[in-house]
Amino acid sequence: MRFTQALIRTSKEAPADASGVSHVLLTRAGMIRKVGAGIYDYLPLGLRVLRKIEAIVRAEMNAAGALEVLLPAMLPAEYFQETGRWSGFGDTLLRFKDRKGADYHLGPTHEEIITDLARREVKSYRELPLNLYQVQTKFRDEARPRAGLLRCREFLMKDAYSFDVDEAGAKASYEKMRVAYNRIFTRLGLDYRMVSADSGAMGGSTSAEFQVLTQSGEDAIAVSDGSDYAANLEVASAADPALSPPAREAPLPVEKVHTPGHGTIADVAAFLQAPTSRFLKSLVYLATRGAASGRADEQLGGVETVLVVVRGDHEVNEIKLARALGASEVFLANEKAVEDATGARVGFAGPVGFVGKIIVDRDAAIVARGIAGANETDYHTINIEHGRDYQGEVADVRSVVDGDASPDGPGRLKVYRGIEAGHIFILGTHYSAKMGATYLGEDGVAHPMVMGCYGIGVSRLVATAVEQHHDDDGISWPTPIAPYHVHLVSLGTDEAVMSAGKTLEAELVAKGIEVLWDDRDERPGVKFKDADLIGVPLRVTIGGKGLASGIVELKRRGDRSKAFDALPVATAADEITRRVREALG
RNA sequence: CGGGGCGUAGCGCAGCCUGGUAGCGCACCUGGUUCGGGACCAGGGAGUCGGAGGUUCAAAUCCUCUCGCCCCGACCA
């Protein structure tokens, strides 16, 4: 493809409203354009990347035995009404009416529609298992679209749904997808981790997220350096400290000390000259029950006050806390509630003498000579020992931090930022039971199909790849998803150079190599800058000087040095082809 | 939805406070000189200043309403 005919418009500056590295670079490289908040055009260059990702996803889904279908994006309300999501989805659902005034919406996800398809098409256990997938545009009226392609209102997603006769079958289908997803992310050339995650409203289901590691990720994940353990920070645990307790200092008698005006841990730590890890950070939480157990009406208003104690250098993890309490939701008490519960100003809460339920994090429970508020304004208590000076239920309620021991044995945890690009989980019979998607079993009885669902954010992956693969000069695509394999840069418009460019392009194309030939009448600097920005993995430069000595220059995009490989013109196409094939794996 | 910010040429911005009918850089077009890491000179095209209403002899500028966009937070099967 000749640059002059490819509708490639690069720019030195990005629009002021572009935010995030991938948004800026994709826009500057002329791959996408914003049409509205969370709504984008894909220009030819950007579309090529999107299609490459799609192709890899398709190939692996097909290889895993999934069947491709295409469901509508425009949906009558009745299906979501059937499962309660017509209202349950809230404002995220893009609703509209047709000319007759009937309710419709654009599909944000397709559990209902696929379940409807399955209940109509599948009658017998003989037809199961079945895995159907599609690559389709989804619509979600996000409260806050952001960062270009990372969080859109219209986006391309691959969604797959498996149907099985029982849990064991569903588990097997899920395993197949787990393997397929690992193959997909590996082939995409991305550094990712499969992590266990909060399974959300479904509760207790098997699920895994595929997180692509980038500094700009919205999610935090903890990864072990000595084992396979990896988990979303929402659910990550460190090894139980009680199993390998540190040497303890001999207990001292409890003392109350005057700490006038020192309410924050940093403050008191400086005042008492003690490390923050000796502190027992004591936070008053309110926990509600109900919604998660499905009995909101019975339990509504049932609010419990709990004092949560974690080490001073640790943070409470509210998701883990809610789980430990069996609560549907937990939130920090406001100032007044704290004062009511502790009898002291905020900043002076502590477990000693606290009246009410106390949850102690495992690490806080083994702190020796602990320091905490005295539940009396301007006083702290020191030399506290759990079990001796206060009682509390011990649980794992803190977020893990860098350096924590991995829970499955060897290794230390390190916290990374990640972008969720895929999520697989077992749905069970949640949708099939509600919608009557049943099959007749060998026993002649109708059973609900056991489902799983598996999503990949295809368009999000375009941006994710850029977030992970870029430098100051632009994008540096992994070869499997690069818009072209080779960026041919011809310098000047001399007949010899142009004709050599034309010949090399033709030779490469004949070998199945995708070539972008910058045939513009531009100065070398402009061409090199654009090549770096666009990020094609191999750059081949044809210049008069090189040509005179019979060579062209080959350089990898990621290589920041001035060095290049001099390829004899006669065998350049062969060598370049070899290099591309090697990079494609 | 709460808080903050911004809408002036395709893009980045100045002008607004203190009203007098719009300017700079990049990009684009023409001609010329250049040519291995975003050249230079000369000339040129392009904007109902987001929209509506109001104040005024006069509004990009002041007032009211409204739409859009961005950021932080809440939310996110």
Side-chain angles (χ1 to χ4, degrees), chain A residues 8-20 23-24 27-28 30 33-40 80 83-93 105 107-115 138-148 150-153 155 157 159 161 197-203 205 207 209 218-219 234 318 329 331 420 423-427 430-431 451-455 457 460 472-474 489-494 497 518 520-534 539 541-548 552-553 555 560-562 564:
Chain A
I8 300 172
R9 299 297 134 87
T10 61
S11 61
K12 290 185 197 172
E13 286 175 307
D17 61 8
S19 67
H23 190 186
V24 168
T27 303
R28 284 189 51 210
R33 294 286 184 255
K34 189 172 84 175
V35 172
I39 308 173
Y40 291 85
F80 269 51
T83 59
R85 290 210 291 184
W86 176 255
S87 54
F89 230 96
D91 292 335
T92 303
L93 198 61
H105 70 280
T109 176
H110 286 250
E111 282 81 7
E112 283 84 348
I113 312 308
I114 201 81
T115 304
K138 303 291 191 226
F139 299 86
R140 295 181 193 180
D141 194 3
E142 293 285 349
R144 187 149 99 78
R146 70 189 89 172
L150 283 177
R151 192 170 202 78
C152 283
R153 293 196 291 171
F155 59 97
M157 181 173 178
D159 48 327
Y161 305 89
D198 187 30
S199 35
M202 299 309 162
S205 300
S207 88
E209 288 175 351
E218 285 186 321
D219 293 337
E234 292 174 345
E318 297 188 355
E329 199 183 5
F331 46 93
E420 182 187 350
H423 200 165
I424 59 177
F425 55 99
I426 294 179
L427 290 170
H430 184 81
Y431 292 93
M451 294 172 58
C453 79
Y454 319 94
R460 172 180 280 186
D472 291 345
D473 293 316
V489 175
S490 53
L491 302 183
T493 52
D494 290 354
V497 170
D518 192 342
R520 293 177 298 172
D521 181 13
E522 286 286 358
R523 293 163 63 87
V526 172
K527 293 191 173 191
F528 291 140
K529 287 289 185 187
D530 277 345
D532 287 345
L533 179 59
I534 291 166
R539 188 181 83 194
T541 305
I542 304 180
K545 275 185 283 181
L547 225 43
V552 296
E553 301 164 13
K555 192 167 170 49
R560 299 284 70 199
S561 74
K562 292 236 193 292
F564 59 83

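First the proteins, then the strands, lettered A, B, ... as listed; each starts at 1. Since the model is a prediction, treat every value here as computed from it, not as a measurement. Basis for what follows: all heavy atoms, side chains included, without hydrogens, waters or symmetry-related copies.
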For nucleotides 4-9 of chain B, give me every protein contact, N/O to N/O, under 3.5 Å, one pair per line with atom names.
none

### Query
Does a nitrogen or oxygen in the side chain of A:Ser19 sit under 4.0 Å from OP1 or OP2 of B:C70?
no
### Message
Which nucleotide wins on minimum distance to the side chain of A:Asp532, given the candidates B:G37, B:G12, B:C75?
### Response
B:G37
### Task
For A:Glu553, enumerate each residue passing the side chain to side chain donor-acceptor pair (under 3.5 Å) test, keeping only those at least two apart in sequence or located in another chain.
none
### Query
Touch check for A:Arg9, heavy atoms < 4.0 angstrom, all strands: base, sugar-phosphate only, or nothing?
nothing
### Message
Nearest to the side chain of A:Arg144, heavy atoms from C-beta on, is which of B:C75, B:G37, B:C71?
### Response
B:C71
### Message
Heavy-atom nearest nucleotide on RNA chain B for A:Lys545 versus A:Ala37: which residue maps closer to 5'?
### Response
A:Lys545
### Message
When the P atoms of B:C24 and B:A46 are compared, how many Å lie between them, rounded to an integer?
### Response
14 Å
### Query
Partners of A:Glu218 by salt bridge (Lys or Arg N to Asp or Glu O under 4.0 Å), sequence neighbours excluded?
A:Arg146, A:Arg151
### Task
Just call it for A:Ala531: base, sugar-phosphate, or nothing, with non-hydrogen atoms closer than 4.0 Å on any strand.
nothing
### Query
With sequence neighbours left out, what residues match A:Asp219 under side chain to side chain donor-acceptor pair (under 3.5 Å)?
A:Gln211
### Message
Looking at A:Tyr431 and A:Ile114, would you say the former's side chain and the latter's main chain have a donor-acceptor pair under 3.5 Å?
### Response
no
#### Entry: Set of residues satisfying salt bridge (Lys or Arg N to Asp or Glu O under 4.0 Å) with respect to A:Glu318, sequence neighbours excluded
none
### Query
Are any of the side-chain heavy atoms of A:His430 and A:Glu111 separated by less than 4.5 Å?
no
### Summary
Separation of B:G37 atom P from A:Arg560 atom CZ, nearest Å, is 14 Å
### Task
For A:Gly492, answer base if it contacts any base atom (sugar-phosphate contacts may also be present), sugar-phosphate if it contacts only those atoms, and nothing otherwise; contact means non-hydrogen atoms under 4.0 Å.
nothing
### Query
At under 4.0 Å between heavy atoms, what does A:Glu420 touch on the DNA or RNA strands: base, sugar-phosphate, or nothing?
nothing
### Task
Take atom CZ of A:Phe564 and atom C1' of B:G37, then tell me their distance rounded to the nearest Å.
14 Å
### Task
Specify the separation, in whole Å, of atom NE2 of A:His23 and atom P of B:C69.
12 Å
### Task
Describe the nucleic acid contact of A:Ala18 in one word from base, sugar-phosphate, nothing, applying a heavy-atom distance below 4.0 Å.
nothing
### Query
Quick one: are A:Met157 and A:Arg460 in side-chain contact, heavy atoms under 4.5 Å?
no
#### Entry: Base B:G10 to side chain A:Glu13, donor-acceptor N/O within 3.5 Å cut-off
no
### Task
Please state how far atom CZ in A:Arg146 lies from atom C1' in B:C75, giving the value in whole angstrom units.
9 Å
### Task
Kindly point out which of B:C69, B:G36, B:C13 is positioned nearest to the side chain of A:Leu491?
B:G36
Enumerate all atom pairs, one protein N or O and one N or O from nucleotides 38-43 of chain B, separated by less than 3.5 Å.
from: B:G38; atom 1: O2'; to: A:Lys12; atom 2: NZ; distance (Å): 3.0
from: B:G38; atom 1: O6; to: A:Arg28; atom 2: NH2; distance (Å): 2.9
from: B:G38; atom 1: N1; to: A:Asp530; atom 2: OD1; distance (Å): 3.3
from: B:G38; atom 1: N2; to: A:Asp530; atom 2: OD1; distance (Å): 3.0
from: B:G38; atom 1: N2; to: A:Asp530; atom 2: OD2; distance (Å): 3.4
from: B:A39; atom 1: OP2; to: A:Arg523; atom 2: NE; distance (Å): 3.3

### Results of ring-ring contact (aromatic ring centres under 6.0 Å, His included) for A:His23 - residues two or more places apart only
A:Tyr40
### Closest to the A:Arg153 side chain, choosing from B:G36, B:C75, B:C69
B:C69
### Query
Is there a side-chain contact between A:His105 and A:Arg85, using heavy atoms and a 4.5 Å cut-off?
no
### Task
Just compare B:G37, B:C70, B:G36 and give me whichever is closest to any side-chain atom of A:Thr541.
B:G36
### Task
Check side chain to side chain donor-acceptor pair (under 3.5 Å) between A:Asp17 and all other residues, then give those that pass, not counting sequence neighbours.
A:Lys34
### Message
Test of understanding: with side chain to side chain donor-acceptor pair (under 3.5 Å), list the residues that count as partners of A:Arg560, not counting sequence neighbours.
### Response
A:Asp473
### Task
Would you kindly compare A:Cys453 and A:Asp521 by the position of their nearest RNA chain B nucleotide and give the one closer to the 5′ end?
A:Asp521
### Query
Is A:Ala143 touching bases, backbone alone, or none of the nucleic acid, heavy atoms closer than 4.0 Å?
base
### Task
Using the C1' atoms only, state how far B:U8 lies from B:G25, rounded to an integer number of Å.
15 Å
